[in-house]
K.L.:
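Please find one structure pasted underneath; my questions will follow.
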Amino acid sequence: MSIQGNLDVVRKRIVDAACRAGRDPAEIKLVAVTKTVPLAGIKEVLSCGVNALGENRMQEFLIKHSHLPRGPEWHFIGRLQTNKVKKIIGRTALIHSLDRWSLAQTISKAACNSGTVARVLVQVNVAGEETKTGLPPEEVPEFAVEAGRLPGLEVCGLMTIAPVCSDPEEVRPYFKQLRELARRLQARFPELRMNYLSMGMTGDFEVAVEEGANILRIGTAIFGERYR
Ligand SMILES: *Cc1c(COP(=O)(O)O)cnc(C)c1O
C-alpha cells in the first residue's frame, strides 16, 4: 500500500483507540519515524499532512534535516552521544532520549551557548530490560527534578520503548506504569511539566493510546518494513 494509504489506516486506528478510551484524538501527536526512509518517502509523508518526524541516528538526522525544507518539527528519539549534542540543539522540537546525568549537563550547556531552551523527555526503562537504555523508574523523580533545574533545559514528560511482544496486551502494564509515574511526579513536583507521554510504536500504539500516550512514534506501519 502507499504511504497515504498506510497513513489513513494508522490515523483511523488512532481515532478508534482514542474513542474507546474516551479521549480526544486531536490531543495525540503522531511522529512519523523516518529512519532508513529515503527523502522521497519523507516528502510524501509530509505532503499527507504529517508535521513531525522522528530520527534515531545522528548522521541520518543531520543529512535529512539539511535536505528538507523548513517546516516539519524534528524529534530526536535515539541514543545520544554527548559529543554530538551540539549538532541537534536548535534543530529539534523535542529530544525523547534523555537517559543520564552527563547528557543532561551537556544539553543544558549547549542550549545555553546557543541561546535556546532544549525541550526533553526523560527516557524510562520501565521493563528493566538490559538491552535498553533509559532510567529505572525509581531513579526518575530525583533525576527529572534535578535536570529540570538546569538552565537551558526543559523537562516536558517521559518516554519509553516497550519490550517487543507478540501480543500488545503484554505491554499494557508498562504503559500504565509510565503514565502513573508521570502522574505521581506531577503531583509531587508541581514545578515539573509532565505534558508528554511518548509511548507506542507500530506493534503497540493502540494500547499506548488507551493508556494515555499523547506522542506516538510510528515507522513501519507508515513506511513498511525497514531493510538494512
Ligand atoms: C524505530 C523506532 C520507532 C518506530 O518503530 P516502528 O516499530 O517501526 O514503528 C519508535 N521509537 C524509537 C525510539 C525507534 O527507534
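From a predicted model like this one, the values you see are computed outputs, not experimental measurements. Note that ligands are numbered from 1 as they come in the structure, with each ligand's atoms numbered from 1 the same way. Every heavy atom of this structure was used, including side-chain atoms; hydrogens, water molecules and symmetry mates were not. Residues: numbered from 1 along the sequence shown.
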K.L.:
Which atoms from ligand 1 have a heavy atom of I161 less than 4.0 Å away?
P.N.:
13 (C)
K.L.:
When L98 is tested against each of L135, L103, L158 for side-chain contact (heavy atoms from CB on, under 4.5 Å), which residue passes?
P.N.:
L103
K.L.:
What protein heavy atom is closest to atom 15 (O) of ligand 1, reported as residue, atom name and distance in Å?
P.N.:
K35 NZ, 2.6 Å
K.L.:
What verdict does the side chain to side chain contact (heavy atoms under 4.5 Å, CB included) test give for K43 and L68, after you've listed the backbone C-alpha separation in whole Å, the side-chain angles of each residue and the deciding distance to 0.1 Å?
P.N.:
CA-CA 8 Å; K43 286 180 180 156; L68 286 161; 3.8 Å; yes
K.L.:
Taking only heavy atoms of G219, which atoms of ligand 1 are found under 4.0 Å from at least one of them?
P.N.:
4 (C), 6 (P), 8 (O), 9 (O)
K.L.:
In terms of residue, atom name and distance, what is the protein heavy atom nearest to atom 9 (O) of ligand 1?
P.N.:
T202 OG1, 2.5 Å
K.L.:
What protein heavy atom sits nearest atom 5 (O) of ligand 1, and how far off is it?
P.N.:
M201 CE, 3.5 Å
K.L.:
Hey, is R23 close enough to E210 for a salt bridge, meaning N to O under 4.0 Å?
P.N.:
no
K.L.:
For atom 12 (C) of ligand 1, what's the nearest protein heavy-atom neighbour? Residue, atom name and distance, please.
P.N.:
I77 CD1, 3.5 Å
K.L.:
Using a cut-off of 6.0 Å, state whether more than 12 heavy atoms not belonging to Y196 lie near its atom OH.
P.N.:
no
K.L.:
If you measure from each heavy atom of R226 to ligand 1, is any distance below 4.0 Å?
P.N.:
yes
K.L.:
Just jot down the ligand 1 atoms closer than 4.0 angstrom to any heavy atom of I218, in number order.
P.N.:
9 (O)
K.L.:
Would I28 end up clustered with I161 when hydrophobic side chains under 4.5 Å apart are linked, directly or stepwise?
P.N.:
no
K.L.:
Identify the closest protein heavy atom to atom 8 (O) of ligand 1: which residue and atom is it, and at what distance?
P.N.:
T220 OG1, 2.5 Å
K.L.:
Determine whether I215 and V15 fall in the same hydrophobic cluster, where Ile, Leu, Val, Met, Phe, Trp and Tyr are linked whenever their side-chain heavy atoms lie under 4.5 Å apart.
P.N.:
no
K.L.:
May I ask whether V50 and I77 are part of the same hydrophobic cluster, defined by side-chain heavy atoms of I, L, V, M, F, W, Y residues being less than 4.5 angstrom apart, directly or through others?
P.N.:
no
K.L.:
What is the closest protein heavy atom to atom 11 (N) of ligand 1, and at what distance does it sit?
P.N.:
R217 NE, 2.9 Å
